[in-house]
Amino acid sequence: MDKLNLKYTAIKVDEIEQVNKVPIENCIADTSISMLALFIQKGLIDDNGVHGVSKHVAMNTIDEYLEEHDKDELVLDIMEALINGGFLSRQVNIQMLRETMKKKMKEISKQMEI
């Protein structure tokens, strides 16, 4: 599975915030599967161009995504879509975050080999 087709609008972000009763910045800090599913439910554009999917479809999408990627990458994909929509600071360099994450994972892998 390639990158998810995510797009967030003011309505979708408001729906996420209303469920959690906190601003979107706090929501993205919650990386529980139920929260990630909510982000997918509200932001995923399906193959038919429909914006928003059921919880069941969101959970299946997460399962498929995690077959090739990890949860940290999923969080970064969601963050990137929120940044592109203007709902998180455009000052956040998502590519730099991705590179930093890769470097840290390499370091951890090297330490585990010892």
Side-chain angles (χ1 to χ4, degrees):
M1 171 178 271
D2 291 329
K3 200 171 182 181
L4 297 173
N5 187 10
L6 298 171
K7 179 174 175 42
Y8 294 98
T9 62
I11 289 172
K12 299 296 184 180
V13 169
D14 181 58
E15 289 172 357
I16 294 168
E17 290 177 337
Q18 291 306 313
V19 168
N20 296 288
K21 306 291 187 223
V22 294
I24 197 69
E25 296 85 358
N26 295 34
C27 295
I28 194 64
D30 178 352
T31 60
S32 66
I33 293 299
S34 63
M35 178 56 75
L36 294 176
L38 181 60
F39 274 107
I40 300 299
Q41 275 181 266
K42 301 299 181 183
L44 187 67
I45 298 173
D46 72 13
D47 295 337
N48 299 319
V50 177
H51 194 180
V53 297
S54 69
K55 185 171 185 171
H56 180 74
V57 170
M59 289 293 197
N60 286 341
T61 300
I62 290 171
D63 285 338
E64 288 176 27
Y65 185 90
L66 294 178
E67 287 175 9
E68 297 177 28
H69 307 281
D70 64 29
K71 192 169 116 176
D72 290 337
E73 289 174 293
L74 178 58
V75 171
L76 289 175
D77 284 353
I78 292 168
M79 283 180 66
E80 184 174 25
L82 288 166
I83 290 166
N84 290 341
F87 298 102
L88 292 178
S89 173
R90 295 186 194 275
Q91 301 299 313
V92 175
N93 185 334
I94 201 76
Q95 283 309 115
M96 187 180 293
L97 282 175
R98 288 183 193 280
E99 292 301 318
T100 301
M101 187 178 78
K102 284 180 186 175
K103 286 178 187 173
K104 288 193 186 236
M105 292 312 298
K106 284 181 182 176
E107 289 173 18
I108 290 170
S109 294
K110 283 181 184 177
Q111 290 176 358
M112 292 177 78
E113 290 173 5
I114 297 173

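Numbers for residues simply follow the sequence, beginning at 1.
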By side chain to side chain donor-acceptor pair (under 3.5 Å), Q18 pairs with (sequence neighbours left out) D14

Set of residues satisfying side-chain contact (heavy atoms from CB on, under 4.5 Å) with respect to [X], sequence neighbours excluded:
{"X": "K55", "value": "Q41, M59"}
{"X": "N48", "value": "D46, V50"}
{"X": "K7", "value": "I45, H51"}

CD1/I62 to CG/L4 distance, rounded to the nearest 0.5 angstrom?
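Nearest 0.5 Å value for the CD1-CG distance: 9.0 Å.
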
Nearest 0.5 angstrom please: S54 OG to N60 CG, how far?
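If we round to the nearest 0.5 Å, S54:OG and N60:CG are 8.0 Å apart.
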
If a pair satisfies side chain to side chain donor-acceptor pair (under 3.5 Å) and one of its residues is in residues 23-33, list it, with sequence neighbours excluded.
D30-S32, S32-S34

According to side chain to side chain donor-acceptor pair (under 3.5 Å), does anything in residues 86-97 pair up with another residue at least two apart or in another chain? List the pairs.
none

So do [Y] and [X] actually touch side chain to side chain, heavy atoms under 4.5 Å?
{"X": "I16", "Y": "Y8", "value": "yes"}
{"X": "E99", "Y": "M96", "value": "no"}
{"X": "L6", "Y": "F39", "value": "no"}

Looking only at non-hydrogen atoms, find the nearest pair between V53 and A58 and report the distance.
CG2-N, 4.0 Å

Given T61 and E64, is the side chain to side chain contact (heavy atoms under 4.5 Å, CB included) satisfied, shown in steps?
CA-CA 5 Å; T61 300; E64 288 176 27; 5.8 Å; no

Residues in salt bridge (Lys or Arg N to Asp or Glu O under 4.0 Å) with E15, at least two apart?
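E15 satisfies salt bridge (Lys or Arg N to Asp or Glu O under 4.0 Å) with K42 once adjacent residues are dropped.
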
Heavy atoms of other groups near K102 NZ, more than 12 under 6.0 Å:
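No.
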
Mind checking whether V22 and F87 sit in one hydrophobic cluster, side chains of I, L, V, M, F, W, Y counted as touching below 4.5 Å?
no

Side chain E17, main chain I24, donor-acceptor under 3.5 Å:
yes

State whether the side chain of E73 and the backbone N or O of D70 hold a donor-acceptor pair below 3.5 Å, judged by distance alone.
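Such a contact is found between E73 side chain and D70 backbone.
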
Could you list the donor-acceptor pairs under 3.5 angstrom formed between side-chain atoms of residues 74-81 and any protein atom two or more places apart in sequence or on another chain?
from : atom 1 : to  : atom 2 : distance (Å)
D77  : OD1    : R98 : NH1    : 3.3
D77  : OD1    : R98 : NH2    : 2.7
D77  : OD2    : Y65 : OH     : 2.6
E80  : OE1    : K3  : NZ     : 2.4
E80  : OE1    : R98 : NH2    : 3.0
E80  : OE2    : K3  : NZ     : 3.3

